Number of protein chains: 2
Amino acid sequence: MNLKQLSHRLGLSQTTVSRALNGYPEVGEATRQRVLSAAARYNYRPNSRAKGLATGRSHTIGHVLPTTTRHEVVNPIFGDFIAGAGEVYAANDYEMVLSIVEDDTEEEVYRAFKTRGTVDGVILHGPKLNDRRITLLQEIGLPFVVHGRASGVAADYSWVDVNNTSAFARATEFLIDLGHRRIALINGPEEMDFAHRRRCGYEDGLTRRGLPADPALMRSDEMTERFGYDSACALLGAADPPTAFLVASVISALGVRRAVEERGLRLARDISVVTFDDMLSYLDNGGQVPVFTATRSSVRDAGRRAARLLLAQIAAPASLPDPVLLEAELTVGQSTGPARPLPPAPLTLPAKTR
Amino acid sequence: MNLKQLSHRLGLSQTTVSRALNGYPEVGEATRQRVLSAAARYNYRPNSRAKGLATGRSHTIGHVLPTTTRHEVVNPIFGDFIAGAGEVYAANDYEMVLSIVEDDTEEEVYRAFKTRGTVDGVILHGPKLNDRRITLLQEIGLPFVVHGRASGVAADYSWVDVNNTSAFARATEFLIDLGHRRIALINGPEEMDFAHRRRCGYEDGLTRRGLPADPALMRSDEMTERFGYDSACALLGAADPPTAFLVASVISALGVRRAVEERGLRLARDISVVTFDDMLSYLDNGGQVPVFTATRSSVRDAGRRAARLLLAQIAAPASLPDPVLLEAELTVGQSTGPARPLPPAPLTLPAKTR
DNA sequence: CCCCTTTTTCAAAGCGGTTTGGATCCTGAT
DNA sequence: ATCAGGATCCAAACCGCTTTGAAAAAGGGG
């Protein structure tokens, strides 16, 4: 059932039926009702391609998910972010298209989006330092909102980001105030902007309390469970081990915990862990007393906000860039405690072992 | 730059240019080259909506992701599955649209997909027992492939599934052969088909070895880390606790491990754990010796296969349903070992305490 | 009752492609 | 030279919707 057939059944022109359905004022209330009920009865829905062709807009938002070439890791954050964004799209009759793309063809995807008219705008995921995609999208003239930011990119653009710096600065100071002096940082990949900012925050926290930043205590890589485990093993086995860990992801934090407990140590009592918690639905850290002390901020909520921002921008193309900075809250859980005066000395010679 | 402009620049008709670009034979080789290079120079790409309108096909596959109403959990499997499917779509010039949808409006989404012509086919996620969506999609006449199967649905359809039953039967027998007699099952939600089948496999394994199935040892819910932890705590704290756990997801298995180690017990030595491992990229269980003994099967690969199946079906609509049953492999890791003759007796009175 | 506004409705022209049914131009065979 | 037939190319119709510009109908005032 298409518009022509429907209007024919009603004895009306396509024009009138179309207008009735789209809520234009120049159609009589009586006819509008007649049209509406007929459309419902015949289960009529306008063909989206035809509509798009006529209006020039696709009512579709593109999400490009680059597969990190290094490890083929699919961003675990993605599901929840997209769930948030999807809510907003659904409520506004927008469609979402997803491109999984190898890093190097990403530019081509954006260009195709624009020239083929596949989408009305895109959400940019996983911005890196000096991310070229931002200026690229501006050149292309495709409306976009970034989930995160890109240090080093001067351009003005809309983004939704957590205050990673302040979050990790606070977390670091929190640990220092508990008496910790050797605090390890288990970070995400350094080329990612969020990871960069978190490290800055960590270093800020240290310097504000007058502590030096020791490169030997910092690790950074894809935030898998295994990475958390391996890093913690290495650090705990080294000379002058940390008494606390600041971790960029709950998944890695699970790995850190494994390493800690495998050594017969106890979280909070022997080793403190603070993690960044994106509040992923399947990794609920909640309950009355959170498992991990965490700086947390809902990535799902970020998805909602980013989507809303983008839709607003598409509706009013002349509008100014609108950055949103979310503050993470620091919630105390069961993984932190005061530094022990004397960490249990391993029965090995400290020096010489290299 | 659209077709009209391009053909005008070339001094050719739209027909010829279109045919040259789409590889039809009735155009001279010389002109074809001329067209091709002009298209490249002017960066021409056909508008996808116009093309879709004309051809009647959208070159788009729909994925509907129902948010589990119960806990608002976003399926953590989803990211990797879609990464696999996306590879195939990208290679075949297909687009992927994603609908995040509350359970009860899912039917409406499929109907809209069909009548609006948004997609050429859909992949069905998370089939439940007697899932109504399958017959619905057949009624609607939308090509589809199911990731998983639906017990109780008689219809013939294409699906890609792991042999959950045999996987969990083998895992159970494996544990029994190690001497375990009390084996707990930490399963996914029972209404999900895969969870149902895993329980069947578990029970099969037990009966084949002449052991009874004890309902007190079975738990089932959303497969979060917390659920694994809570379940393991409850079971380990009860009278006659299990010596082994069969877990439906690595995420829950992490929770089980936490509960185990928190009690001062050691994996493999005191408590054995076998988990189903979907080989999610951020939960790498790999390495030379896997952390968890696991029945494993790549969900990413399943995504690839499902996508290929669907594209083939769309290309040849008359083709017969094509089910694909993947076998999970049982890989032995560091989380299993022989049952200890005498589990460390807790210092409490066994009876009376209820 | 007529004329002028305001409502309400319509025919037709796009939107940017594909595809049908011819037309034109070359060949080589007769 | 003529003609069949294949190789090329083209004009126009069509896909299903929106939207412009105009016409028809209805309402209101004198």
Side-chain angles (χ1 to χ4, degrees), chain A residues 1-36 38-39 42-60 93-95 111-120 315, chain B residues 1-36 38-39 42-60 93-95 112-120:
Chain A
M1 169 72 54
N2 58 21
L3 186 60
K4 185 194 273 190
Q5 294 164 11
L6 180 63
S7 56
H8 200 253
R9 278 234 195 324
L10 281 162
L12 288 170
S13 73
Q14 297 191 31
T15 311
T16 306
V17 175
S18 170
R19 284 185 166 152
L21 292 173
N22 290 319
Y24 283 78
E26 52 273 80
V27 41
E29 198 46 40
T31 28
R32 160 160 295 139
Q33 289 310 326
R34 211 156 61 85
V35 169
L36 250 32
Y42 295 120
N43 218 318
Y44 169 79
R45 292 189 200 78
N47 178 296
S48 44
R49 288 187 297 275
K51 185 164 193 158
L53 227 208
T55 58
R57 323 216 288 98
S58 62
H59 259 237
T60 299
D93 271 318
Y94 266 74
E95 222 75 68
R111 299 211 117 98
F113 271 172
K114 173 67 176 186
T115 53
R116 316 187 93 107
T118 315
V119 304
D120 294 338
Chain B
M1 169 71 55
N2 58 22
L3 186 61
K4 186 195 274 190
Q5 293 164 11
L6 180 62
S7 54
H8 198 254
R9 280 237 196 319
L10 282 162
L12 289 169
S13 74
Q14 297 191 31
T15 310
T16 306
V17 175
S18 169
R19 285 186 167 152
L21 292 173
N22 291 316
Y24 283 77
E26 52 274 81
V27 40
E29 198 45 41
T31 27
R32 158 158 298 140
Q33 289 311 326
R34 210 156 63 85
V35 169
L36 251 30
Y42 294 121
N43 217 320
Y44 169 78
R45 292 190 198 78
N47 178 296
S48 44
R49 287 187 297 275
K51 183 164 195 159
L53 226 207
T55 58
R57 324 214 292 96
S58 62
H59 259 237
T60 299
D93 271 317
Y94 266 74
E95 222 73 68
F113 270 172
K114 173 68 177 189
T115 54
R116 316 187 93 108
T118 316
V119 304
D120 294 338

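Keep in mind that this is a model prediction, so the values were computed, not measured.
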Tell me: CG of B:Asn22 to P of C:dT20, nearest whole Å?
13 Å
Sub-4.5 Å side-chain heavy-atom contact between A:Glu29 and A:Arg32:
yes
5' precedence on DNA chain D between B:Pro25 and B:Ala54 (nearest-nucleotide basis):
B:Pro25
Quick one: A:Glu26 CD to D:dA22 P, roughly how many Å, whole number?
16 Å
Given atom CZ of A:Arg32 and atom C1' of C:dT7, what is their separation to the nearest angstrom?
13 Å
Quick one, A:His59 and A:Lys51 - any side-chain contact, counting heavy atoms below 4.5 Å?
no
Starting at atom CG of A:Asn47, determine the distance to atom P of C:dC15, rounded to an integer number of angstrom.
18 Å
Heavy-atom distance under 4.5 Å between the side chains of B:Leu21 and B:Val35, does that happen here?
yes
Can you tell me which nucleotide in D:dT18, C:dG16, C:dT19 comes closest to the side chain of B:Arg19?
C:dT19
At under 4.0 Å between heavy atoms, what does A:Thr31 touch on the DNA or RNA strands: base, sugar-phosphate, or nothing?
sugar-phosphate
Taking only side-chain N and O atoms of B:Lys4, does any of them lie within less than 4.0 angstrom of OP1 or OP2 on C:dG17?
no
Does B:Thr15 get its side chain close enough to the base of C:dT19, under 3.5 Å, for a donor-acceptor pair?
yes
How close or far is atom P of D:dG16 from atom CG of A:Leu21, stated in whole angstroms?
16 Å
Looking for any heavy atom pair under 4.0 Å, which part of the strands does B:Gly28 touch: base, sugar-phosphate only, or nothing?
sugar-phosphate
Using heavy-atom distances to pick each residue's nearest nucleotide on DNA chain C, tell me which of B:Thr16 and B:Arg49 is more 5'.
B:Arg49
For B:Ser58 and A:Arg49, what are the C-alpha separation, side-chain angles and deciding distance, and is it a side-chain contact (heavy atoms from CB on, under 4.5 Å)?
CA-CA 8 Å; B:Ser58 62; A:Arg49 288 187 297 275; 3.2 Å; yes
Considering only side-chain heavy atoms of A:Leu53, which listed nucleotide, C:dG17, C:dC15, C:dC10, is closest?
C:dC15
Flag the pair A:Asn2 / A:Asn47 as yes when at least one side-chain heavy-atom distance between them is below 4.5 Å, and no otherwise.
no
Taking only the side-chain heavy atoms of B:Lys51 (C-beta and beyond), determine which of D:dG16, C:dG17, D:dT18 contains the nearest atom.
C:dG17
Does C:dG16 have its OP1 or OP2 closer than 4.0 Å to a side-chain nitrogen or oxygen of B:Asn2?
yes
Looking at B:Tyr24, I'd like to know whether one of its side-chain N or O atoms comes within less than 4.0 Å of OP1 or OP2 on C:dT19.
yes
Among C:dC10, D:dC17, C:dT18, the nucleotide that comes nearest once only the side chain of A:Leu3 is considered:
D:dC17
Using whole Å, what does the distance between atom C1' of nucleotide D:dG16 and atom CZ of B:Arg116 come to?
13 Å
Listed nucleotide nearest any side-chain atom of A:Ala50, set C:dT8, D:dG16, D:dC9:
D:dG16
Spacing of A:His59 atom NE2 relative to C:dC15 atom P, expressed in whole Å
20 Å
A:Ser13, nearest nucleotide to its side chain (from D:dG16, C:dA11, D:dT18)
C:dA11
Whole-Å distance between D:dC9 P and B:Leu10 CG?
11 Å
Check: A:Arg45 and B:Phe113 side chains under 4.5 Å, non-hydrogen atoms
no
